[in-house]
Amino acid sequence: MSVARKRAHHGVRYLGLGFRVVLFLALLALVRVVLRIHNDSLGDGSESSKEITFRVPKVAFLFLARSNLPLDFVWDTFFKNAESEKFSIYVHSKPGFVFDASTTKSTFFYDRQLKNSVKVIWGGSTMIEAERLLLKSALVDPANQRFVLLSDSCVPLYKFTYIYNYLMASRKSFVDIFLDKKEGRYNPKMASIITKQKWRKGSQWIALVRKHAEVVVSDKTVFRVFKKYCKRLLGTEFTRMHRIKAIFQMESGDCIPDEHYVQTLFSSIDHVNYEMEHRTEWCKCNSSEVPCFLFARKFSRGAGMRILFDGVVGAFDSGSMRLGF
């Protein structure tokens with residue numbers, strides 16, 4: 001072999017060896033990165049891993065109010081007897097309404113109003129729009145794992161600890177849902193998106209797990225259909241002739257969106273499972289019978305005071321209560 005060919009041959013050998021060294025070092029660096037990611041996922045004592053591992057799940061209380069909360073003094077005692085890291089509060093009120101010392105007796109509600117609230121008209125799609133806004137705001141906090149929708153006339157029927165444990169013990173949402181064959185609110189024009197077989201009715205006041213809250217917020221199709229075809233025929237907005245014409249043309253069957261939206265949405269989605277009974281009240285948690293209702297509606301201020309003095313929601317200090325408004 002000539003000297004020139006030997007040199008060329010050695011050059012190729014040296015080049016091959018250098019390439020293998022570089023490749024080995026690159027693989028070694030990759031292994032170190034993978035091991036570091038694995039160790040981080042197990043928890044290396046850093047602050048970020050602690051936050052992920054030990055975060056306390058919260059219940060988001062979502063209040064749908066006309067303006068203020070007339071029973072805020074009941075909720076004040078309820079939240080005072082709770083662990084602050086286990087709950088969060090969101091209020092949808094009329095645009096521009098602010099919760100502060102001049103509008104509420106409870107500091108728990110200070111500045112808890114949504115900044116993007118809409119004007120709500122009873123029987124209109126704005127009712128479910130407000131509901132979706134509350135859920136969307138609460139979903140921003142990843143610690144919120146249960147979402148309870150409440151009206152401004154709602155009160156809790158138990159102490160916070162009982163309600164918290166009740167909700168957290170179940171992996172299911174609590175939604176009143178049934179098929180009412182007598183009502184004529186379904187609009188055939190919905191059929192391309194919502195079939196009559198999927199049309200459902202129930203109470204607006206629900207408690208959702210996080211994945212179902214995300215379903216409601218991400219929905220665009222069913223909500224759009226409701227805005228167009230499910231409308232309350234209010235006497236102040238419709239003359240008698242308009243009402244007759246609307247019903248005749250099946251533009252609306254005097255529909256109330258908030259009594260149908262979530263129920264129909266869930267019945268229309270394949271990956272959401274729900275149980276139904278024939279309006280028989282039954283509730284179980286982990287195979288044990290439990291009360292069906294955690295909250296009640298349409299309480300007067302006097303009834304709210306009775307709840308406080310009876311100690312239903314926890315220890316109550318009557319001397320610290322501020323009256324007025």
Side-chain angles (χ1 to χ4, degrees), residues 56-65 69-90 106 108 131 134-135 138 144-180 200-213 216 258-259 262-263 266 272-316:
V56 177
K58 295 192 291 187
V59 175
F61 292 87
L62 315 177
F63 293 88
L64 188 54
L69 295 170
L71 299 171
D72 55 2
F73 57 91
V74 177
W75 290 100
D76 186 71
T77 297
F78 176 78
F79 290 127
K80 280 180 179 176
N81 286 276
E83 299 169 78
S84 59
E85 70 273 15
K86 290 185 175 181
F87 69 88
S88 54
I89 299 171
Y90 303 83
S106 175
F108 288 105
E131 176 181 339
L134 281 167
L135 289 168
N144 288 331
Q145 294 296 313
R146 301 293 185 273
F147 303 79
V148 180
L149 185 64
L150 302 157
S151 76
D152 53 12
S153 67
C154 277
V155 293
L157 297 179
Y158 300 93
K159 296 179 177 64
F160 176 86
T161 300
Y162 180 84
I163 291 178
Y164 178 87
N165 291 337
Y166 186 115
L167 293 172
M168 290 300 173
S170 176
R171 300 173 64 183
K172 298 180 179 180
S173 293
F174 297 89
V175 179
D176 176 40
I177 178 170
F178 63 98
L179 177 62
D180 187 352
R200 295 292 185 272
K201 186 179 181 181
S203 172
Q204 179 185 15
W205 315 109
I206 55 180
L208 303 180
V209 297
R210 188 173 180 91
K211 67 178 181 179
H212 291 159
V216 175
D258 56 88
E259 293 183 358
V262 170
Q263 290 76 10
F266 284 179
V272 176
N273 299 316
Y274 60 92
E275 299 176 2
M276 285 183 60
E277 287 290 328
H278 300 291
R279 302 298 290 167
T280 300
E281 303 304 344
W282 60 273
C283 294
K284 290 184 179 181
C285 183
N286 297 330
S287 302
S288 300
E289 292 188 1
V290 294
C292 286
F293 303 104
L294 301 179
F295 309 94
R297 288 189 64 224
K298 299 187 177 180
F299 270 58
S300 66
R301 290 167 61 87
M305 289 298 299
R306 177 66 181 271
I307 286 178
L308 288 185
F309 283 108
D310 286 351
V312 172
V313 296
F316 167 57

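Only this structure's heavy atoms are used, side chains among them; waters, hydrogens and symmetry mates stay out. For reference, positions follow the sequence shown, starting with 1.
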Undergrad: Please lay out, stage by stage, how F266 and V216 fare under the test side chain to side chain contact (heavy atoms under 4.5 Å, CB included).
TA: CA-CA 9 Å; F266 284 179; V216 175; 3.9 Å; yes

Undergrad: Under 4.5 Å between any side-chain heavy atoms of I206 and E131, yes or no?
TA: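 A side-chain contact exists here, since the closest heavy-atom pair is under 4.5 Å.
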
Undergrad: What I'd like to find out is whether the side chain of Q204 reaches to under 4.5 Å of the side chain of V262, using heavy atoms alone.
TA: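 The answer is no; the side chains never approach within 4.5 Å.
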
Undergrad: Using modelled atom types and a 3.5 Å cut-off, is there a donor and acceptor pairing between side-chain atoms of S173 and backbone atoms of V209?
TA: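 Side chain of S173 to backbone of V209, a donor-acceptor pair under 3.5 Å: yes, one is there.
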
Undergrad: A side-chain contact here means heavy atoms from C-beta on lying under 4.5 Å apart; do E83 and V56 qualify?
TA: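 E83 vs V56: side chains apart.
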
Undergrad: Show me the donor-acceptor pairs within less than 3.5 Å that the side chains of residues 153-162 make with the rest of the protein, sequence neighbours left out.
TA:
from, atom 1, to, atom 2, distance (Å)
S153, OG, S151, OG, 3.2
S153, OG, K298, N, 3.0
K159, NZ, G311, O, 3.4

Undergrad: N81 versus V313: any side-chain heavy-atom pair under 4.5 Å?
TA: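 Counting from C-beta outward, N81 and V313 never come under 4.5 Å.
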
Undergrad: Considering only heavy atoms from C-beta outward, does the side chain of F78 approach that of F61 to under 4.5 Å?
TA: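 Yes. Closest side-chain heavy atoms under 4.5 Å.
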
Undergrad: Working to the nearest 0.5 Å, report the span between CG of L62 and OH of Y90.
TA: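 The distance works out to 8.0 Å.
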
Undergrad: From Q145 CD over to R171 CZ, what is the distance, rounded to the nearest 0.5 angstrom?
TA: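 It comes to 11.5 Å.
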
Undergrad: Rounded to the nearest 0.5 Å, what's the gap from CG on L69 to CG on D76? Could you check?
TA: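 Separation between the atoms: 11.5 Å.
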
Undergrad: Of the non-hydrogen atoms in V74 and G304, which two are nearest, and what is the gap between them?
TA: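 V74 and G304 have their closest heavy atoms at CG2-O, 3.6 Å.
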
Undergrad: How long is the span from the CG atom in D152 to the CZ atom in R297, to the nearest 0.5 Å?
TA: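 That separation rounds to 8.0 Å.
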
Undergrad: How about V59 and I163: do any of their side-chain heavy atoms sit closer than 4.5 Å?
TA: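 No, their side chains stay 4.5 Å or more apart.
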
Undergrad: Nearest 0.5 Å, what's the OG-CZ distance between S88 and R146?
TA: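 Rounded to the nearest 0.5 Å, the OG-CZ separation comes to 13.0 Å.
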
Undergrad: Of all residues at least two apart in sequence or in a different chain, which pass the ring-ring contact (aromatic ring centres under 6.0 Å, His included) check with F63?
TA: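 If we apply the ring-ring contact (aromatic ring centres under 6.0 Å, His included) test to F63, skipping adjacent residues, the hits are W75, F109.
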
Undergrad: Less than 4.5 Å apart, any side-chain heavy atom of F295 and any of V148?
TA: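 They are in contact (side-chain heavy atoms under 4.5 Å apart), so the answer is yes.
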
Undergrad: Give, for atom CG of L208 and atom CG of N144, the distance between the pair rounded to the nearest 0.5 Å.
TA: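 So the gap between those two atoms works out to 12.5 Å.
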
Undergrad: Could you walk me through whether K201 and Q263 pass the side chain to side chain contact (heavy atoms under 4.5 Å, CB included) test, one step at a time?
TA: CA-CA 6 Å; K201 186 179 181 181; Q263 290 76 10; over 6 Å; no

Undergrad: Side chains of R301 and F73: does their closest heavy-atom pair fall under 4.5 Å?
TA: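 Result yes, sub-4.5 Å side-chain heavy-atom pair found.
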
Undergrad: Would you confirm whether the ring centroid of F174 sits within less than 6.0 angstrom of the ring centroid of Y166?
TA: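 Yes: the rings meet the under 6.0 Å criterion.
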
Undergrad: Just by distance, with hydrogens left out, do S203 and D176 show a side-chain donor and acceptor under 3.5 Å apart?
TA: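 Judged by distance alone, the side chains do not pair up.
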
Undergrad: If every non-hydrogen atom of I89 is compared with every non-hydrogen atom of F108, which pair is closest and at what distance?
TA: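 Heavy atoms of I89 and F108 come nearest at CD1-O, 3.6 Å.
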
